[in-house]
Amino acid sequence: MIKILYFARLRDSLNRGEEQLEYSAAINTGEKLLSALKSRGAPWQDALDKTQLLMSVNQTMASPDASIQDGDEVAFFPPVTGG
Amino acid sequence: MIKILYFARLRDSLNRGEEQLEYSAAINTGEKLLSALKSRGAPWQDALDKTQLLMSVNQTMASPDASIQDGDEVAFFPPVTGG
Amino acid sequence: MISIQQADFDLAAEYQALRADAPSIGAIVTFTGLVRDFNLVESTPENTSVQGLFLEHYPGMTEKSLAAIIETAKTRWSIINTRVVHRIGAMHPGDQIVFVGVNSAHRGDAFAACEFIMDYLKTQAPFWKKELTEEGERWVESRDTDQQAAERWKTD
Amino acid sequence: MISIQQADFDLAAEYQALRADAPSIGAIVTFTGLVRDFNLVESTPENTSVQGLFLEHYPGMTEKSLAAIIETAKTRWSIINTRVVHRIGAMHPGDQIVFVGVNSAHRGDAFAACEFIMDYLKTQAPFWKKELTEEGERWVESRDTDQQAAERWKTD
């Protein structure tokens with residue numbers, strides 16, 4: 001299982017802040033996971049198709065080619081706007 | 001008359017913080033005034049011969065070629081070390 | 001010291017803590033961010049009046065990313081200590097949002113490290129602002145100028 | 001606001017004044033200089049312990065030069081207000097010597113203006129430090145690094 005978190009505007013668009021997903025080779029990189037989520041159709045396709053989407057793996061910023069292991073915590077969110 | 005002020009290490013060396021001097025064409029620039037003061041001999045010659053001597057005319061930093069008018073306030077001091 | 005908190009903070013207390021750290025401290029630089037009464041987001045040039053703000057964050061990653069930012073600052077500049085406080089939750093115009101304080105023997109290092117931490121916080125730390133305006137709620141868009149400010153510090 | 005004073009100053013009061021200036025303020029940067037317990041003058045590498053400090057200045061020119069420095073900062077950066085406090089007279093290790101605070105809508109401007117004012121104060125404002133050390137009194141020598149810091153801001 002992996003844990004996926006969604007924040008800010010993205011959580012609002014998906015109407016979901018968190019989910020668990022069965023781990024498999026089909027989602028063992030950021031890019032593959034994103035494809036799998038987008039394939040769910042609306043609202044996933046649109047919400048995750050932003051050029052400015054950021055991703056973290058185990059609470060560290062990650063690029064789309066980052067590998068994902070079983071048990072990882074992955075998060076998707078828009079560019080940060082704190083401070 | 002012009003007013004001349006000496007500060008910090010320079011005042012200590014000259015044992016004098018302030019003086020009035022009769023104005024004349026012989027002291028109508030910073031350089032000329034400095035020469036006139038140095039010609040007084042010890043301790044003036046040595047104390048004013050520092051490469052790092054700074055000068056102000058009417059409380060604004062000035063270069064040696066600055067002109068001096070009757071009634072001006074001229075000051076000599078070492079590089080500043082506040083803050 | 002890193003603190004993520006709903007409560008307001010006391011700049012004077014943060015400053016006194018930075019002052020007490022070591023007798024070799026010669027310089028303390030502080031940055032405080034406040035909620036403005038107008039919006040500077042480039043995509044909304046109308047400067048809609050902001051009535052309130054809500055700060056969301058990613059618990060866990062927030063602390064981790066701030067700790068990493070501070071570690072980087074400590075390797076790049078000669079600084080003694082840092083204090084970072086970031087508020088979350090509801091805030092109003094004029095409220096304090098964020099504090100970054102740095103102490104050092106040298107003023108140049110304190111200035112650079114403080115600005116670096118703020119610039120990286122703005123682009124790397126997982127906080128998101130939602131504004132409450134006359135027209136309703138909206139998520140604040142990120143700004144290119146923040147991205148550029150962080151890029152300045154990149155070393156090759 | 002420029003103040004040359006013997007008395008200590010209250011950073012919290014200076015900060016609150018900068019905070020209250022305008023609702024468009026989004027950033028406040030403060031710098032505080034403290035008396036260190038050791039000497040950093042390049043010509044005395046032995047780091048003699050400093051027991052006390054005496055700050056002399058040129059009354060009249062001090063205020064005039066600080067006002068000029070602040071005016072220059074206001075033409076170069078988008079800042080709202082500044083507060084500068086410089087103490088004179090006797091001080092001890094750990095004491096506050098100087099405060100520079102700047103507020104602005106933008107953090108980049110606040111950082112740059114605050115550092116600029118300090119760098120110029122260090123080379124242009126007529127203050128002189130005399131240190132009381134174990135070996136007696138001595139005037140502090142100016143530092144090349146301060147001259148270099150001020151040179152950075154020169155525009156052609």
Side-chain angles (χ1 to χ4, degrees), chain B residues 1-21 23 27 29-30 33-34 37 42-83, chain D residues 4 31-36 39-43 53-69 84-89 91 96-100 115 117-131 137-147 149-150:
Chain B
M1 296 290 275
I2 64 168
K3 184 179 181 181
I4 314 179
L5 300 170
Y6 308 100
F7 289 97
R9 186 201 306 269
L10 189 61
R11 186 197 49 240
D12 288 357
S13 305
L14 299 174
N15 204 20
R16 178 183 298 211
E18 184 174 338
E19 66 177 300
Q20 303 277 340
L21 207 63
Y23 183 74
I27 57 166
T29 72
L33 172 60
L34 207 51
L37 294 172
W44 300 84
Q45 176 68 41
D46 273 6
L48 294 173
D49 218 15
K50 305 280 186 197
T51 51
Q52 295 226 304
L53 189 73
L54 298 182
M55 182 180 69
S56 68
V57 176
N58 297 327
Q59 307 189 346
T60 299
M61 289 283 194
S63 57
D65 61 352
S67 77
I68 295 173
Q69 314 291 327
D70 198 7
D72 280 355
E73 176 177 305
V74 181
F76 294 103
F77 43 80
V80 304
T81 55
Chain D
I4 312 299
F31 172 86
T32 312
L34 305 174
V35 181
R36 276 183 295 236
N39 189 287
L40 283 172
V41 175
E42 285 154 9
S43 58
L53 213 60
F54 188 86
L55 248 298
E56 174 181 332
H57 77 129
Y58 179 175
M61 179 168 170
T62 313
E63 292 80 356
K64 201 170 163 179
S65 63
L66 290 175
I69 291 165
V84 176
V85 183
H86 204 300
R87 292 180 65 200
I88 51 171
M91 274 161 265
Q96 303 181 126
I97 308 176
V98 59
F99 171 86
V100 176
E115 190 168 14
I117 291 170
M118 266 312 298
D119 284 350
Y120 266 74
L121 184 156
K122 281 265 184 187
T123 56
Q124 303 291 315
F127 293 101
W128 299 274
K129 277 196 192 99
K130 185 193 267 183
E131 287 179 342
E137 284 187 0
R138 67 165 177 226
W139 289 101
V140 172
E141 300 280 347
S142 67
R143 294 196 293 156
D144 289 344
T145 51
D146 286 331
Q147 204 60 48

Between chain D and chain B, which donor-acceptor atom pairs come closer than 3.5 Å, counting both backbone and side-chain atoms?
residue, atom, partner, partner atom, Å
B:A8, N, D:E56, OE2, 3.0
B:R9, NH2, D:E141, OE2, 2.9
B:R11, NH1, D:E56, OE1, 3.1
B:R11, NH1, D:E56, OE2, 2.6
B:R11, NH2, D:E56, OE1, 2.8
B:D12, OD2, D:W139, NE1, 2.8
B:N58, O, D:K64, NZ, 2.7
B:Q59, OE1, D:M61, N, 3.3
B:E73, OE2, D:Y58, OH, 2.4
B:P78, O, D:W128, NE1, 2.9
B:T81, N, D:F127, O, 2.8
B:T81, O, D:K129, NZ, 3.2
B:T81, OG1, D:K129, N, 2.9
B:G82, N, D:F127, O, 3.4
B:G82, O, D:K122, NZ, 3.4
B:G83, N, D:H86, NE2, 2.8
B:G83, O, D:K129, NZ, 2.8

Listed by chain and number, what are the salt bridge (Lys or Arg N to Asp or Glu O under 4.0 Å) partners of B:D70, not counting sequence neighbours? none

Under 4.5 Å from any heavy atom of chain D - which part of B:L5: side chain

